[in-house]
S.K.: 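Please read through the structure below; I'll follow up with questions.
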Amino acid sequence: MTSPVTTISEIGKHEGQTVTIRGWLYNLRESGKLLFPIFRDGSGTIQGVVPKNAVPPEVFDAVKGLTQESSVIVEGKVRADKRAPGGYELDVSNVQVLQRVSEDDPFPISLKEHGVDFLMDNRHLWIRTPRQAAILRTRAEIIKAARDFFDDRGFVLTDAPILTPAACEGTSTLFPVDYFDEQAYLTQSGQLYIEATAMALGKVYSFGPTFRAEKSKTRRHLTEFWMVEPEVAYATLDDLMDLAENLISFLVNRCLEKRRADLQTMGRDVSKLEKIEAPFPRITYDEAVKMLQEGHAKGALETKFEWGGDLGSPDETYLSAQFEKPVMIHRYPAQVKAFYMEPDPQRAELALCVDVLAPEGYGEIIGGSQRIGSYDLLLKRIREHGLPEESFKWYLDLRKYGGVPHGGFGMGIERAVAWICGLEHVRETIPFARTLHRLYP
RNA sequence: UCCUCAGUAGCUCAAUGGCAGAGCAUCCGGCUGUUAACCGGAGGGUUGUAGGUUCGAGUCCUACCUGAGGAGCCA
């Protein structure tokens with residue numbers, strides 16, 4: 001085949017020309033002496049047309065009865081057709097079958113419905129389907145957009161180690177690993193390390209995987225997930241909220257601009273995304289408590305929320321349902337938050353922190369805070385939380401040598417993707433999800 | 001760890017305590033505009049595992065295994 005190779009997503013540029021597509025057979029419809037193979041190549045799908053009286057007999061025979069997901073190189077003429085979902089069809093002139101899938105062991109993912117367990121056992125094949133491919137392309141777009149956002153604003157990428165000697169926040173469960181003669185753990189946040197790089201470089205961010213051995217079984221949890229974590233020297237809580245809302249607006253706008261067709265493939269209601277523009281509503285924890293208590297009085301919430309506790313999942317869902325945009329809740333009681341958060345100078349019982357809740361019940365996608373600047377207060381908090389002082393010696397050094405106000409936040413990529421794509425579960429947002437009961441494939 | 005639900009053909013699901021079934025997939029045949037194509041035919045089963053109740057168990061009981069959704073915790 002001598003015609004130029006192109007991708008299905010670019011095929012409209014070749015209308016009237018003969019081109020070569022390299023991909024797989026997605027589906028085949030036969031109507032006697034007329035065959036309709038649908039090809040996919042990773043960039044999209046296109047229907048081919050193979051009339052028996054218009055092609056060499058060997059081409060017709062190669063397509064007739066061809067099995068789903070057989071790999072093929074196809075040559076044909078691109079023709080605009082109103083009947084085609086993508087606007088174009090391929091009048092096939094030549095086909096080379098690289099590997100024919102056996103009828104004895106057909107491709108397991110049919111075009112009909114399947115259950116979660118079966119699909120996750122076959123995740124390595126499930127990702128070939130148009131919907132999953134659209135999700136993975138959108139995830140890639142969101143990651144690229146997040147990096148563009150920070151790179152273009154003077155942030156330096158400083159990735160944190162994945163193997164760590166101790167917990168970043170004493171509470172969550174860690175995955176232990178043997179590290180020669182020592183015990184190491186997989187990181188659960190890069191935050192403490194990027195506080196160090198922020199003191200070196202000013203504005204920094206990390207992007208990488210994090211691991212939490214929590215026995216959580218919900219649509220929002222993975223044991224291995226990816227975070228983008230910016231950290232900024234001299235930043236205040238208001239600076240962080242500005243940064244968070246601008247980041248999220250940027251990500252959503254990029255997807256609307258570049259991945260609109262994929263969002264439609266997923267069935268996403270894009271009108272809801274089009275409302276996502278900074279600024280976002282900002283409410284204090286005190287105001288959130290008031291709203292939750294009103295919600296309970298109206299019967300929308302089962303339990304009455306009392307000041308002082310952390311927000312539960314139903315509470316977050318209720319609060320986010322009151323707004324069309326993500327809502328930023330700030331100044332939680334210090335007692336329910338991490339040891340490193342700066343107290344509010346106005347009210348010492350509050351922490352200068354913020355959680356960003358995505359709309360439509362997707363829950364917390366960002367959590368951040370101003371960090372403690374004082375050496376003495378940080379040491380006091382480490383002792384209060386019963387953390388091993390020796391492990392945090394380097395972290396305390398950051399306050400000993402030129403401590404400054406600073407802060408940052410972490411955004412969970414999978415939750416952000418799940419919300420933007422409108423998915424039921426975060427397991428579809430990552431190529432190979434790791435959950436409580438799943439380590440295969 | 002706790003609560004709830006589920007497990008029957010390769011897949012998705014039916015079956016009042018009384019002969020284990022359908023659609024899709026596969027195979028055979030038909031069809032020149034199909035859109036999860038359609039039409040006709042065929043093959044395909046240790047009903048998650050181990051016990052128990054019963055004349056008789058896919059169905060009822062007990063334990064266990066596996067998975068899902070949720071709580072807690074979190075991004």
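We name chains A, B, ... by the order of the sequence lines, and we start the count at 1 in each one. Keep in mind the model is a prediction, meaning the values are calculated, not measured.
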S.K.: Describe the nucleic acid contact of A:Gly312 in one word from base, sugar-phosphate, nothing, applying a heavy-atom distance below 4.0 Å.
M.R.: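 If one applies the 4.0 Å heavy-atom cut-off, A:Gly312 turns out to touch the sugar-phosphate alone, with no base involved.
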S.K.: Ignoring backbone atoms, test whether A:Arg219 places a side-chain nitrogen or oxygen under 4.0 Å from the OP1 or OP2 oxygen of B:A75.
M.R.: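 So the side-chain polar atoms of A:Arg219 never come under 4.0 Å of the phosphate oxygens OP1 or OP2 of B:A75.
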S.K.: Judged by atom type as modelled, is there a donor-acceptor pair below 3.5 Å linking the side chain of A:Ser320 to the main-chain atoms of A:Gly363?
M.R.: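 Not a single qualifying donor-acceptor pair exists.
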S.K.: When the nearest nucleotide of RNA chain B is assigned to A:Pro108 and to A:Asp315 on a heavy-atom basis, which residue is associated with the more 5' position?
M.R.: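 Comparing both residues, the 5'-ward one is A:Pro108.
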S.K.: Please classify the nucleic acid contact of A:Arg131 as base, sugar-phosphate, or nothing, using heavy-atom distances under 4.0 Å.
M.R.: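 Contact class for A:Arg131: none.
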S.K.: Please produce a list of atom pairs where a protein N or O lies less than 3.5 Å from an N or O of nucleotides 3-9 of chain B.
M.R.:
none

S.K.: Closest to the A:Lys112 side chain: B:C31, B:C24, B:U34?
M.R.: B:C24
S.K.: At under 4.0 Å between heavy atoms, what does A:Lys52 touch on the DNA or RNA strands: base, sugar-phosphate, or nothing?
M.R.: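 No contact.
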S.K.: Indicate whether A:Phe225 forms a stack on B:A75; treat it as stacked only if centroid distance is below 5.5 angstrom and interplanar angle below 30 degrees.
M.R.: yes
S.K.: At less than 4.0 Å, is any side-chain N or O atom of A:His425 found next to OP1 or OP2 of B:G69? Yes or no.
M.R.: yes
S.K.: May I ask you to say what A:Ile366 touches in the nucleic acid, namely base, sugar-phosphate or nothing, with a heavy-atom cut-off under 4.0 Å?
M.R.: sugar-phosphate
S.K.: Can you check whether A:Arg427 has a side-chain N or O nearer than 4.0 Å to OP1 or OP2 of B:G67?
M.R.: no
S.K.: Nearest to the A:His437 side chain among B:C74, B:A68, B:U32, which nucleotide is it?
M.R.: B:A68
S.K.: The side chain of A:Glu30 lies closest to which of these nucleotides: B:C73, B:C31, B:A71?
M.R.: B:C31
S.K.: With rounding to whole Å, what would you report as the distance between B:C24 and B:G41 at their P atoms?
M.R.: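 That atom pair is separated by 12 Å.
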S.K.: With a non-hydrogen cut-off below 4.0 angstrom, is A:Asp105 in contact with a base, only sugar-phosphate, or nothing?
M.R.: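 The answer is nothing, as A:Asp105 stays clear of every strand by at least 4.0 Å.
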S.K.: Quick check: on RNA chain B, is the nucleotide nearest A:Met120 upstream (toward 5') of the one nearest A:Thr67, or the reverse? Name the residue that is more 5'.
M.R.: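 Looking at the nearest nucleotide for each, A:Thr67 comes out on the 5' side.
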S.K.: Report the base-pairing partner of B:G43 (Watson-Crick or G-U wobble, both distances below 3.5 angstrom), or none.
M.R.: none
S.K.: Does B:C5 pair with anything, Watson-Crick or G-U wobble, both distances under 3.5 Å, and if so, with which nucleotide?
M.R.: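 Checking every strand shown, B:C5 finds its partner in B:G67, with both distances under 3.5 Å.
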S.K.: What nucleotide among B:U1, B:G33, B:C74 has an atom nearest to a side-chain atom of A:Val49?
M.R.: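 The listed nucleotide nearest to A:Val49's side chain is B:G33.
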S.K.: Give the residues of residues 83-103 of chain A touching RNA chain B, defined as any heavy atom closer than 4.0 Å, sorted by residue number.
M.R.: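 Within residues 83-103 of chain A, the residues near RNA chain B are A:Arg83, A:Glu89, A:Glu103.
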S.K.: Expressed in whole Å, how much space separates the C1' atoms belonging to B:G52 and B:A14?
M.R.: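 That atom pair is separated by 27 Å.
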S.K.: Tell whether A:Arg29 reaches the base of B:C31 with its side chain through a donor-acceptor pair below 3.5 angstrom.
M.R.: no
S.K.: What nucleotide among B:G67, B:U32, B:A71 has an atom nearest to a side-chain atom of A:Thr218?
M.R.: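 Ranking B:G67, B:U32, B:A71 by closest atom to the A:Thr218 side chain puts B:A71 first.
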S.K.: Confirm from the modelled atom types if A:Gln47 and B:U34 form a donor-acceptor pair under 3.5 Å, side chain to base only.
M.R.: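 Answer is yes: a donor-acceptor pair is held.
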S.K.: With a 3.5 Å cut-off and heavy atoms only, can you find an N or O donor on one side and an acceptor on the other between the side chain of A:Asp104 and the base of B:U26?
M.R.: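 Answer no: no donor N or O sits under 3.5 Å from an acceptor.
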S.K.: What verdict does the salt bridge (Lys or Arg N to Asp or Glu O under 4.0 Å) test give for A:Asp262 and A:Arg139, after you've listed the backbone C-alpha separation in whole Å, the side-chain angles of each residue and the deciding distance to 0.1 Å?
M.R.: CA-CA 11 Å; A:Asp262 282 334; A:Arg139 173 192 172 92; over 6 Å; no
S.K.: Report which part of the nucleic acid A:Gln68 touches: base, sugar-phosphate, or nothing (heavy-atom distance under 4.0 Å, all strands).
M.R.: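 A:Gln68: no heavy atom of the nucleic acid under 4.0 Å.
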S.K.: Would you mind telling me which of B:A25, B:G70, B:G33 lies closest to the side-chain atoms of A:Pro106?
M.R.: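 Per side-chain heavy atoms of A:Pro106, the pick is B:A25.
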S.K.: Looking at A:His114 and B:C11, is any side-chain donor or acceptor paired with a base atom of the opposite kind under 3.5 Å?
M.R.: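 Side chain to base: no pair below 3.5 Å.
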S.K.: Of all the choices, B:C24, B:A68, B:G70, which nucleotide is nearest to the side chain of A:Val116 once you look at every atom?
M.R.: B:A68
S.K.: With A:Trp24, which residues qualify under ring pair (Phe, Tyr, Trp, His ring centres under 6.0 Å), at least two apart?
M.R.: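 With sequence neighbours excluded, A:Trp24 shows a ring pair (Phe, Tyr, Trp, His ring centres under 6.0 Å) to no residue whatsoever.
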S.K.: Any strand counts, and the cut-off is 3.5 Å on both contacts for Watson-Crick or G-U wobble. Which nucleotide pairs with B:C13?
M.R.: B:G21
S.K.: If you only use heavy atoms from C-beta on, which nucleotide in B:C74, B:G33, B:C11 is closest to the side chain of A:Phe118?
M.R.: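 The closest nucleotide is B:C11.
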S.K.: Find the distance A:Leu28:CG to B:C31:C1' and express it as a whole number of Å.
M.R.: 14 Å
S.K.: Without swapping roles, check the side chain of A:Glu414 against the backbone of A:Arg427 for a donor-acceptor pair under 3.5 Å.
M.R.: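 No; judged by distance alone, with no hydrogens or angles, the pair does not exist.
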S.K.: For A:Arg220, which contact category applies under a 4.0 Å heavy-atom criterion: base, sugar-phosphate, or nothing?
M.R.: base
S.K.: Is there a donor and acceptor pair closer than 3.5 Å between the side chain of A:Ser216 and the base of B:C73?
M.R.: yes
S.K.: For A:Glu113, answer base if it contacts any base atom (sugar-phosphate contacts may also be present), sugar-phosphate if it contacts only those atoms, and nothing otherwise; contact means non-hydrogen atoms under 4.0 Å.
M.R.: base
S.K.: Taking pairing as Watson-Crick or G-U wobble with both contacts under 3.5 Å, can you name the mate of B:U54, or confirm there isn't one?
M.R.: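 Matched B:U54 with nothing under the 3.5 Å cut-off.
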